[in-house]
Amino acid sequence: WNAARFVLMNTEDQDCGAGLPANSPQLEYSAADRWIQTRLENAIQQVQQGFANYRLDNAAQAIYEFTWNEYCDWYLELSKPVLNNPESSDAAKRGTRYTLVHVLETLLRLAHPLMPFITEEIWQRVAPLAGTAGDTIMLQAYPESDPSRVDVQASQDMDWVMQFILGVRKIRSGYDIKPGQPLPVLLENASAQDRERLAKNEPYIKFLARTEIITVLEPGATPPESATSLVGNMKLLIPMAGLIDKAAELARLDKEIAKREQEVERTEAKLANSSFVDKAPAAVVEKERAKIEEAKSAVASLKEQRGKIAAM
C-alpha cells in the first residue's frame, strides 16, 4: 500500500509512457530500471514453479521477498535520483515512471490470487497509468515468464552499487555517525571495472549513501586512518578524522565493551554452576555457550574499533 502511494505520487498526472512499447526510443531505462525488471522476471519464474509444484508457501515467499527486499527496499529509493534530478532527460524520467507503474501492475497481478482485495483496490488506480484496460484485475492475464527482460550486466552493476551503499551505511552505523552527514570516501585497489561502475552509478551512491566526495586512490598511496569495508576486492575507506567526537566515541565504546564483558561474566558464571548445566536441557546450555562466543566476538570487534579511534 505504501509502495503504491509512492508510485502514484510520482506518476499520476505525469507522462508514464502509457501505450508505448517497452523498447520505444522514447523510454530511456536506467541501470536500476533494468535491474528491477530482471528481478521481477526471477520472481515470476519462482512463483510459477511454486504453483506448478503445489507449493503456495514458496510462491508467497517469492512475492514477499521481491516486494519487500527489492522493489520497496531498493528500487523505490533508486528511482528518486532520476525523478528528482533536474538534469535527467525527459526520456529518462519517462523510462523510470514507466518501470515504476509496469512493475507494480505486474506485481499486483502476480500477488492477486494470494491477496485478492488490496491488489484489486490498488490495480484500479495503477492500471490506467500502465495503459491497461479492463474492469477488474480478476480478468487480467496472469504474468508469464519472459527471459528477454533479464539484463545480466545491469544486475551485476547494481549488486556492486548496493554493496557499496551497504558498506558506507555499515561504517556510519558502527561509528554512530549521523545519517544525514555527508561522508568523504576513498577507494583503494579499485579495478578498471570498479572505476567504470563508479562513473556510471555515482548519483545512486551519493543519494543513498550520503557521500560527499569519492576519491580513487592511486596504487601505492597511503590512506589516512580510516574505517574500512570491502566491495569485492576493492577497499572502501572513510577517514575518521574530523567526522566524530573522539572523546565521546571512546567513552561510548568503553561503556559498550564493559556491558558486553559483564554479559560474558554472567553467562560464564551460569555455565560454571553444575546444577544449571546438569538440570537444564542440552539445547538451553548450548544456547548459553553460543551467547558467550557471540559476546566475546563483539568485545573483540569493539576493542579493535576503539584502538583505531584512539590512534587517530
Side-chain angles (χ1 to χ4, degrees), residues 68-69 73-74 77 159-191 194 198 204-206 208-217 221-273 276-277 280 282-312:
W68 186 269
N69 298 333
D73 259 12
W74 282 106
E77 294 301 313
D159 284 345
W160 183 90
V161 169
M162 291 174 200
Q163 286 181 48
F164 195 118
I165 292 168
L166 290 173
V168 175
R169 288 177 175 175
K170 183 179 178 181
I171 292 171
R172 190 186 290 276
S173 171
Y175 287 87
D176 200 28
I177 301 170
K178 294 178 181 178
Q181 183 174 351
L183 298 179
V185 177
L186 306 176
L187 302 181
E188 190 176 52
N189 195 33
S191 66
D194 290 326
L198 176 64
Y204 293 132
I205 293 168
K206 285 194 168 183
L208 291 178
R210 297 291 188 269
T211 57
E212 181 181 30
I213 185 168
I214 302 173
T215 305
V216 179
L217 296 175
T222 303
E225 187 64 40
S226 305
T228 307
S229 185
L230 286 176
V231 181
N233 293 322
M234 181 180 73
K235 272 189 179 181
L236 190 158
L237 309 170
I238 296 181
M240 289 290 98
L243 281 180
I244 59 175
D245 182 331
K246 182 176 175 179
E249 183 63 9
L250 287 173
R252 184 187 74 82
L253 288 170
D254 285 339
K255 185 177 179 181
E256 184 65 21
I257 289 168
K259 177 183 172 185
R260 292 286 190 159
E261 286 179 334
Q262 288 171 6
E263 186 180 325
V264 171
E265 289 175 10
R266 282 196 304 270
T267 311
E268 284 180 337
K270 185 185 289 187
L271 289 172
N273 184 340
F276 168 76
V277 175
V284 172
V285 174
E286 190 57 38
K287 185 177 180 182
E288 292 298 316
R289 287 185 176 135
K291 190 187 294 184
I292 284 182
E293 293 306 313
E294 183 183 339
K296 285 181 176 178
S297 176
V299 168
S301 177
L302 288 165
K303 284 183 175 179
E304 181 184 357
Q305 189 173 327
R306 191 195 187 285
K308 287 181 178 179
I309 292 175
M312 283 168 46

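Quick caveat, the model's predicted, so the values are computed rather than measured. Residue numbers start at 1 and run along the sequence shown.
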Quick one: pull up [atom1] in [X] and [atom2] in [Y] and give me the separation to the nearest 0.5 Å.
| X | Y | atom1 | atom2 | value |
| --- | --- | --- | --- | --- |
| Met162 | Leu208 | CE | CG | 9.5 Å |
| Leu198 | Leu187 | CG | CG | 6.0 Å |
| Leu183 | Thr211 | CG | OG1 | 8.0 Å |
| Ile165 | Gln163 | CD1 | CD | 11.0 Å |
| Leu230 | Leu237 | CG | CG | 9.5 Å |
| Thr267 | Lys287 | OG1 | NZ | 11.5 Å |

Worksheet item: Hey, are Glu256 and Arg260 close enough for a salt bridge, meaning a charged N less than 4.0 Å from a carboxylate O?
Response: yes
Worksheet item: Less than 4.0 Å between a side-chain N and a carboxylate O, is that true for Glu263 and Arg266?
Response: no
Which atom of [X] lies closest to which atom of [Y], heavy atoms considered:
| X | Y | result |
| --- | --- | --- |
| Leu236 | Val231 | CD1-CG2, 4.0 Å |
| Ala209 | Val168 | O-CG1, 3.6 Å |
| Pro239 | Pro184 | CD-O, 3.6 Å |
| Asp254 | Arg306 | OD1-NE, 2.5 Å |
| Gln181 | Arg172 | O-NH1, 2.8 Å |

Worksheet entry | Those residues that, when tested against Arg252, pass side-chain contact (heavy atoms from CB on, under 4.5 Å) (two or more places apart) | Asp176, Glu249, Gln305
Item to complete: Report the C-alpha distance between Glu288 and Lys291 in whole Å, list the side-chain angles of each, state the deciding distance to 0.1 Å, and finish with yes or no for salt bridge (Lys or Arg N to Asp or Glu O under 4.0 Å).
Response: CA-CA 5 Å; Glu288 292 298 316; Lys291 190 187 294 184; 3.5 Å; yes
Worksheet item: Hey, does Leu186 have a side-chain heavy atom less than 4.5 Å from the side chain of Pro224?
Response: yes
Discussion item. Measuring only between side-chain heavy atoms, which start at C-beta, is Tyr175 closer than 4.5 Å to Ile238?
Written reply: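 A side-chain contact is absent here, since even the closest heavy-atom pair is not under 4.5 Å.
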Discussion item. If you count heavy atoms of other groups shown closer than 6.0 angstrom to CD of Glu294, is the number above 12?
Written reply: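 No, because the 6.0 Å sphere around CD of Glu294 holds 12 heavy atoms or fewer from other groups.
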Worksheet item: Under 3.5 Å, side chain of Asp194 to main-chain N/O of Ser191, donor-acceptor pair present?
Response: yes
Discussion item. Tell me if a side-chain donor or acceptor on Asn189 pairs with a main-chain N or O of Asn233 at a distance below 3.5 Å.
Written reply: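 Yes.
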